[in-house]
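Worksheet: one structure, shown below.
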Number of protein chains: 2
Amino acid sequence: MPSTYYSQYPKFHVAVDCIIFGFKKGQLKVLLQKRPFEPRQGEWSLMGGFVKRDEDIDSAAQRVLYQLTGLKTIYMKQVGAFGSVNRDSGDRVISIAFFALVDIDRVNEELNHENSAYWEDMEKLPPLLFDHKEMIEGALKKLRGMINRHPVGFELLPPLFTLTQLQLLYETILGEKIDKRNFRKRVGELSFIEKTDAIDKQSSKRGAALYRFNGTVYQKEPVFKL
Amino acid sequence: MPSTYYSQYPKFHVAVDCIIFGFKKGQLKVLLQKRPFEPRQGEWSLMGGFVKRDEDIDSAAQRVLYQLTGLKTIYMKQVGAFGSVNRDSGDRVISIAFFALVDIDRVNEELNHENSAYWEDMEKLPPLLFDHKEMIEGALKKLRGMINRHPVGFELLPPLFTLTQLQLLYETILGEKIDKRNFRKRVGELSFIEKTDAIDKQSSKRGAALYRFNGTVYQKEPVFKL
DNA sequence: TCAAAAGTGTTAAGTTTACACCCATGA
DNA sequence: TCATGGGTGTAAACTTAACACTTTTGA
């Protein structure tokens with residue numbers, strides 16, 4: 001009788017909450033939602049959802065991400081479980097936070113609209129539901145800790161990007177200025193960041209070379225240092 | 001009706017599993033238990049327990065640690081949530097893994113014995129229950145990632161320790177040799193690692209100076225680099 | 001023609017690594 | 001007296017940080 005021993009113990013609602021990061025115009029942004037149900041309907045919150053009976057927790061997070069962005073292959077990483085007794089005023093809910101990195105231009109705006117979700121600058125977050133602020137802080141900390149050793153920053157950029165964009169992304173996430181020449185020297189040493197012959201004319205009159213992250217080349221010798 | 005909306009969603013058993021690290025004779029060890037209940041009773045596993053209805057998840061982990069070691073103020077850190085649908089063959093259980101660092105000499109051996117728990121070298125772990133191997137790997141990775149930036153290694157040593165012990169600890173956790181003179185030079189720069197006038201005569205005829213980690217001094221300028 | 005962003009190398013400072021011998025003691 | 005682990009400094013290699021001017025072009 002396998003379940004006999006377990007069944008004397010309580011069960012809990014288990015949810016996932018997603019910190020969806022995007023990057024635009026030198027700003028790191030998070031996708032926030034007006035909570036669509038009670039209690040505390042209408043408050044700013046992360047997008048979340050309850051785990052289903054036959055669903056892995058990562059699948060639950062992917063499902064929530066898909067609902068809100070229309071994107072399937074999203075970079076996603078677990079931040080951790082949040083399980084204080086009174087963290088949720090509705091009932092006891094243990095929530096597992098995940099952060100996701102998306103190219104903000106690929107996100108389906110209609111889905112955002114339908115879900116009352118909006119991009120907010122990390123600089124000016126409104127007061128948030130429950131422990132969602134903590135979750136975002138945990139996610140940012142994790143992102144900061146890995147951005148220099150893992151090639152994840154590209155997930156926040158379009159497939160082709162300029163070195164200025166890339167540098168700005170690093171500066172924003174790390175919260176510090178980086179020397180342009182030193183940064184470009186380091187990028188130049190990475191074979192998997194490839195210069196294309198496309199030119200970006202958006203950001204300057206002169207035009208800037210567009211680069212691309214080549215995952216295949218990276219896989220061959222997965223060593224990253226920026 | 002706060003709970004009305006939530007209550008349409010399923011509930012799950014939620015457990016904590018503890019990776020308890022100890023260090024002795026140049027070996028990193030984990031405290032493993034013969035599983036005391038079905039299913040798969042008798043298999044090697046981490047010490048775990050179900051979260052109680054009115055208990056934070058960290059409190060649950062502390063409770064489990066206390067049951068097995070008799071220790072109350074243990075360094076503990078969350079590794080993450082493990083929630084694959086079929087990870088537990090008994091029933092669906094979402095488990096949150098924590099790792100703990102203990103001074104192996106302070107652990108209550110009787111409690112270990114009562115719980116059929118034994119210290120196993122990390123080098124020679126037996127096959128383990130469910131995804132417990134993964135949990136240990138996650139814990140070790142996390143520990144490796146923080147040991148050079150946070151003063152946590154001392155948690156695995158007695159209050160007074162020799163520099164050789166400390167170096168051996170670092171070598172074992174990082175899995176690489178460290179140059180003795182360079183290591184001691186770096187230690188010498190840290191004001192919160194204090195030389196005492198006690199001498200250890202256990203490990204050598206000549207005797208080695210015993211050092212102490214001074215948390216108060218560290219708090220004043222919490223910058224760690226080893 | 002000029003404002004705005006792109007692009008480009010060198011040097012000094014700091015950090016990390018490699019390396020070998022003498023010391024004190026108990027058996 | 002000798003085997004064992006404790007304790008100590010220096011120089012070379014490498015890495016990081018600081019720094020300023022020229023180019024291109026659309027408005």
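To find a chain, count down the sequence lines: A is the first, B the second, and so on, and within it residues start at 1. Computed from a predicted structure; not experimentally measured.
With a 6.0 Å radius and a threshold of 12 heavy atoms from other residues, nucleotides or ligands, B:Glu109 has its CD atom at or below the threshold. Open room surrounds NZ on A:Lys133; 12 or fewer heavy atoms of other groups in view lie less than 6.0 Å from it. No more than 12 heavy atoms of other residues, nucleotides or ligands shown are found within 6.0 angstrom of CD on A:Gln202.
Considering only the side chain of B:Arg184, D:dG7 comes nearest among C:dA18, C:dA20, D:dG7. When distances run from any side-chain atom of B:Arg181 to the nucleotides D:dC19, C:dA20, C:dA6, the shortest one goes to C:dA20.
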For nucleotides 11-16 of chain C, list the nitrogen or oxygen atoms of the protein found under 3.5 Å from its nitrogen or oxygen atoms, one pair per line.
residue: C:dT16; atom: OP1; partner: B:Lys225; partner atom: NZ; Å: 3.3

Write out a two-atom table: protein N or O, nucleotide N or O from nucleotides 25-27 of chain C, distance below 3.5 Å.
residue: C:dT25; atom: O3'; partner: B:Lys205; partner atom: O; Å: 3.3

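Taking atom CD of B:Gln167 as the reference point, atom P of D:dG7 lies 12 Å away to the nearest angstrom. Rounded to an integer number of Å, the gap from CD1 of A:Ile199 to C1' of D:dT25 is 12 Å. Distance A:Gln202 CD to C:dA4 C1': 15 Å, rounded to the nearest Å. Spacing between atom CD of B:Glu176 and atom P of C:dA18 amounts to 11 Å, rounded to whole angstrom units. One interatomic measurement links the two molecules: NZ of A:Lys180 to C1' of C:dA5, which rounds to 7 Å at whole-angstrom precision. The interatomic distance linking B:Leu163 (CG) with D:dG7 (P) rounds to 6 Å, in whole Å. Rounded to a whole Å, the CD atom of A:Glu189 is 12 Å from the C1' atom of D:dT16. Following rounding to the nearest Å, B:Phe183 (CZ) and C:dA18 (C1') show an atom-to-atom distance of 18 Å.
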- What's the verdict on salt bridge (Lys or Arg N to Asp or Glu O under 4.0 Å) for B:Glu43 and B:Arg35, showing C-alpha distance, side-chain angles and the deciding distance? CA-CA 5 Å; B:Glu43 288 190 34; B:Arg35 182 172 232 239; over 6 Å; no

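When the nearest nucleotides of DNA chain D are assigned to A:Asn182 and B:Ser203 by heavy-atom distance, the more 5′-ward of the two goes with B:Ser203.
Separation of atoms CG (A:Leu166) and OH (A:Tyr211) is listed at 10.5 Å; rounding is to 0.5 Å.
Only one option out of A:Ile19, A:Leu156, A:Ile74 pairs with A:Leu101 in a side-chain contact (heavy atoms from CB on, under 4.5 Å); it is A:Leu156.
One finds a salt bridge joining B:Asp105 and B:Lys24 here, because a Lys/Arg side-chain nitrogen approaches an Asp/Glu carboxylate oxygen to under 4.0 Å.
If you look at B:Phe161 and B:Phe213, their ring centroids are not closer than 6.0 Å.
Side-chain atoms of B:Asp17 and B:Ser95 form a donor-acceptor pair, as typed in the model, at a separation below 3.5 Å.
Look at B:Thr164 and you'll find a side-chain N or O under 4.0 angstrom from OP1 or OP2 of D:dG6.
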